[in-house]
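In this chain, numbering begins with 1 at the start of the sequence shown. When a ligand or atom number is given, it counts from 1 through the structure's own listing order.
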Amino acid sequence: MLATISCSMSAIAQQSSFTVGTATAAAGQKATGYIEVPAGADAATSIPVVVVRGSKPGPVLALVSGSHGTEYASVIALEKLIPQLDPAQISGTVIILPLVNVQSFLQKVPHVNPVDSKSMNRFYPGKADGTQTERASFLITKQVVERSDYLIDYHGGDLDENLRPYSYWPKSGNDKQDAITRDMTLAFGLDHIIIWSDRPKDPNASRYLDNTANTRGKPAIAVEAGYSGTVEPQDVHALVKGTLNVMRYLKMLPGTAAMVEHPVWIGKIDTITSDQTGFFYPLVDRGTYVEQGMKVGYVTDYFGNTVFEAHAPAAGVVLYICAVPSMKKGDTVANIGEIARNP
Ligand SMILES: [Zn+2]
């Protein structure tokens with residue numbers, strides 16, 4: 001019933017305002033505010049949100065960054081995007097969450113929300129009565145994912161990750177949706193694309209943000225650029241440019257979307273972990289192509305004796321390699337992407 005009504009009223013629906021959290025934007029307006037996550041088992045938090053309500057009707061696109069608050073290039077990219085989005089030019093609505101994990105950013109803590117030590121991209125769709133990460137994930141699911149038609153989740157190499165840019169194509173098995181997400185990755189423009197098939201199918205245990213959208217029938221991709229705490233202009237530019245191009249593909253901006261023509265598809269990721277604790281020394285850079293068996297780095301004990309050598313289990317491209325000397329037994333040394341045929 002609701003679908004019929006909203007469908008027939010879509011032309012005038014854009015006359016109405018759109019609210020996320022405390023941000024309400026009328027058609028042709030941009031508004032800022034916060035998604036207020038109330039206190040529960042632990043402290044409350046406020047997640048900044050921007051709503052850009054285009055003057056013309058169209059889809060709702062959510063852009064979410066900073067669930068890992070020290071993946072700075074992705075956070076800065078959405079900050080840079082905010083003034084570039086002109087509501088008069090936009091068909092539809094853009095919801096921007098530039099920094100989900102505020103405490104990670106402020107305290108410079110990688111990977112997790114320091115309030116509850118949970119990754120803010122592993123606990124979707126969240127819980128209303130859980131810890132802060134779970135409560136935030138619950139509200140983002142309700143207020144952002146469920147109200148969007150498309151979603152992009154932004155990441156990058158964290159403080160300790162020397163990463164080359166890439167995107168994920170989430171292959172769900174739903175051919176129609178997979179065709180759209182494939183096009184979204186091609187329009188985004190990063191030239192290395194990971195085919196990610198092995199994902200939770202249950203919407204109630206979706207874990208990742210993009211998967212939360214995809215399991216709810218909303219095409220979503222994840223993109224990564226930036227590394228080791230840096231904010232390189234080319235990484236920020238790639239993320240901004242990719243976003244605008246996806247908006248052209250979705251007909252939310254005028255113009256034709258340029259698509260990557262011959263990306264490197266990656267079919268399998270090999271994670272190399274360290275057998276030993278000590279000092280890590282990389283021997284290859286992010287983006288290096290390696291042969292099977294190649295030594296990509298080594299670990300010494302605290303006295304300089306080599307105690308572990310990391311070898312590539314297969315030929316492929318170094319998606320990221322540990323950027324710092326700190327190495328704990330079981331930690332990731334590098335991720336190697338094995339090249340796949342054009343799917
Ligand atoms: Zn991340």
For D129 and R135, what are the C-alpha separation, side-chain angles and deciding distance, and is it a salt bridge (Lys or Arg N to Asp or Glu O under 4.0 Å)?
CA-CA 6 Å; D129 60 352; R135 297 195 309 279; over 6 Å; no
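Cation-pi geometry between R199 and Y168 is not satisfied (NZ or CZ under 6.0 Å from the ring centre, within 45° of the ring normal). Figure legend: R164 and Y320 shown without cation-pi pairing, the cationic atom not lying both under 6.0 angstrom from the six-membered ring centre and within 45 degrees of its axis.
Its side chain within the 4.5 Å cluster rule, V112 clusters with V109 among the Ile, Leu, Val, Met, Phe, Trp and Tyr residues.
Separating the CH2 atom in W169 from the OG1 atom in T181 is a distance of 6.5 Å, to the nearest 0.5 Å.
Checked against the 6.0 Å centroid criterion, the rings of H155 and H68 qualify as a close aromatic pair.
With a cut-off of 2.8 Å, the protein N/O/S atoms near the Zn ion (ligand 1) add up to 4.
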